[in-house]
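Right, one structure below, let's go through it.
What you see is a predicted model; the values in this text were computed from it and never measured. Per chain, numbering begins at 1; letters A, B, ... match sequence-line order.
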There are 2 protein chains.
Amino acid sequence: MGARRLHTVGEVATLAGVTVRTLHYYDRVGLLVPSGRSEGGYRLYAYGDLERLREIRLLRELGFSLAAIGRLLDVAAHDKRSALKAQRDLLVERLERTERIIRGVDRALNATEEGQEMDETEMFEGLEEFDHKRYEAEVEQRWGDSEAYKESKRRTSRYGKADWARIKKEGDAVVRRLAELLARGVRADDREAMDLAEEHRRHIDRWFYPCSPGMHRQVAALYTADTRFEAYFEKHGAGLAGFFQAAIRANEVRSTG
Amino acid sequence: MGARRLHTVGEVATLAGVTVRTLHYYDRVGLLVPSGRSEGGYRLYAYGDLERLREIRLLRELGFSLAAIGRLLDVAAHDKRSALKAQRDLLVERLERTERIIRGVDRALNATEEGQEMDETEMFEGLEEFDHKRYEAEVEQRWGDSEAYKESKRRTSRYGKADWARIKKEGDAVVRRLAELLARGVRADDREAMDLAEEHRRHIDRWFYPCSPGMHRQVAALYTADTRFEAYFEKHGAGLAGFFQAAIRANEVRSTG
DNA sequence: CCTTGACCCTGACGCGACGTTAGGCCCTAC
DNA sequence: GTAGGGCCTAACGTCGCGTCAGGGTCAAGG
């Protein structure tokens, strides 16, 4: 595979319908780094790079930020097929969304026809409830592991307010104790740190979805790549996000041998 | 109409699903100026403002720039119904576009299923050919006067390369002579300037679509509001765009009495 | 072998459409 | 009358590029 010709930026740009500058930018931010360089420093794109670019453009068209796209493609890197399927699902969602908006416009047309005014709350239907941040987060979860996502939904839907408070307290406690370890200079592959990682894994496993040590690592990768989560961790101590991830990895090695 | 309650920014924001900051911004750039202010300086939005906001959000969702939206809504201000219809058309176009992309993803899925690689040129189908600038311009024309647009399409489709060269030369000559007038300090309502404007109008009328002096003014307004056209004019002389517009207006007054 | 012209490189600044403080006024409710 | 929630303007930050500026690369032709 990939035995085809390599392409220069300009060629890729015209192929994909983007500008050269865009490809430069994707390179700089690490979203699409060409798999080779010529002797003179020219970027050289292989077939796989083109595939990745197509997915990037598709997700951009759907409104995702470049950061989100990077995370999505990383998580789904091992399985092209399910990535494509997920993209298909998103496109179908957009199809339905567009249809809803059209129906809204039709209602508006009817209203003006009859000389009436539309209800103000009804006016923005279809347009209104699109919280992009929430949507990105949800998609990332689903993308990461759709089974885990569904299971999580099933369980959490049954929790009450008191449950949530308890769960949150439990989770926060782990983070706090982890911060203490970091402050004391304990290493991430120390038993204390690994124990805490294990405790966190069980926390997820118990309250949200079945979570093996391997799955735990994947989830952690997703979290620490997310700036929102990173901010949360960093507030409890500088470098805590990375420390946490390392502890989880060490715990995985320990438990799987 | 509009006898309902007036709304503050926050209310409008939650109704429409945008942030307060967005409304502030739309106000500052003149895209959506609330129709009233309270004694204390609070923005107050009436029902008509909400309608306009809905159209803005819809066109934004379709990818138009705020500048383009402003022009579109101004041009279509007199006729709500045809504006809504045009929006509907755009939404249907997007529906079709999304369907095309889905078919592309399906082809990619088939290819991976059979372990084949897709053709590189085929890979970006549906995604590729979306020149946003061209699209905006075209939509603006269509929006401004769909009859003129269709007529223009009909005629220009029959022109050959030689025709185009001649037409362009003719158009450029007018601009050049106009620049000379401006350099000589001639006023825009001077006969020389008005004659040139009239010549330009006939140029359009002959080669593109029937163009009355009133239509000519509208078109000129559209052009000079467009930064690309403005850049073109300014290259031939500072202030030429405005001078041109003024000359056209003067010519209209002269010919309609 | 040298030149020419198309293409590529790395900065660096600019811009549209907001997000995000910062500091202060308004206004309703208790 | 004061507390707190909402509003104001001003100003800087961010993302995803567009657009030069200054200079190296590369294939073709003389």
Base of C:dC7 paired with side chain of A:Y42 (donor-acceptor, under 3.5 Å): yes
N or O in side chain of A:Y26 less than 4.0 angstrom from D:dC17 OP1/OP2: yes
Among C:dC27, D:dT25, C:dA17, the nucleotide that comes nearest once only the side chain of B:S65 is considered: C:dA17
From C:dC8, D:dC26, C:dA17, nucleotide with atom closest to A:T8 side chain: C:dC8
Under-4.0 Å side-chain N/O to phosphate OP1/OP2 contact, B:T19 with C:dG19: yes
Nucleotide nearest A:T22 when distance is taken to its side chain, options D:dG18, D:dT9, C:dC9: D:dG18
Rounded distance (nearest 0.5 Å) linking atom CG of A:L53 with atom CG of A:L23: 6.0 Å
OP1 or OP2 of C:dC18 under 4.0 Å from side-chain N/O of B:R60: yes
Selection from D:dC17, C:dC18, C:dC9 that lies nearest to any side-chain heavy atom of A:H24: C:dC9
Minimum-distance nucleotide to A:R37 side chain [options: C:dC9, D:dC7, D:dA11]: C:dC9
Sugar-phosphate, base or nothing in reach of B:V9, heavy atoms under 4.0 Å: sugar-phosphate
A:L6 side, atom CG; A:Y47 side, atom OH - distance, nearest 0.5 Å: 14.0 Å
Base C:dG19 to side chain B:Y25, donor-acceptor N/O within 3.5 Å cut-off: no
Pair B:Q87-B:R54, side chain to side chain contact (heavy atoms under 4.5 Å, CB included): steps then yes or no: CA-CA 11 Å; B:Q87 285 165 24; B:R54 182 192 52 190; 5.9 Å; no
Protein-nucleotide distance (A:E39, atom CD; D:dT25, atom C1'), rounded to Å: 11 Å
Spacing of B:L66 atom CG relative to C:dC15 atom P, expressed in whole Å: 16 Å
Closest listed nucleotide, where the reference is the side chain of B:R43 and the choices are D:dC17, D:dT25, D:dT9: D:dT9
Closest-nucleotide ordering on DNA chain C, the 5'-leading residue of A:G40 and B:G41: A:G40
Closest non-hydrogen atom pair, B:L59 against B:L72: CD1-CD1, 4.4 Å
Closest non-hydrogen atom pair, B:T98 against A:L91: CG2-O, 3.6 Å
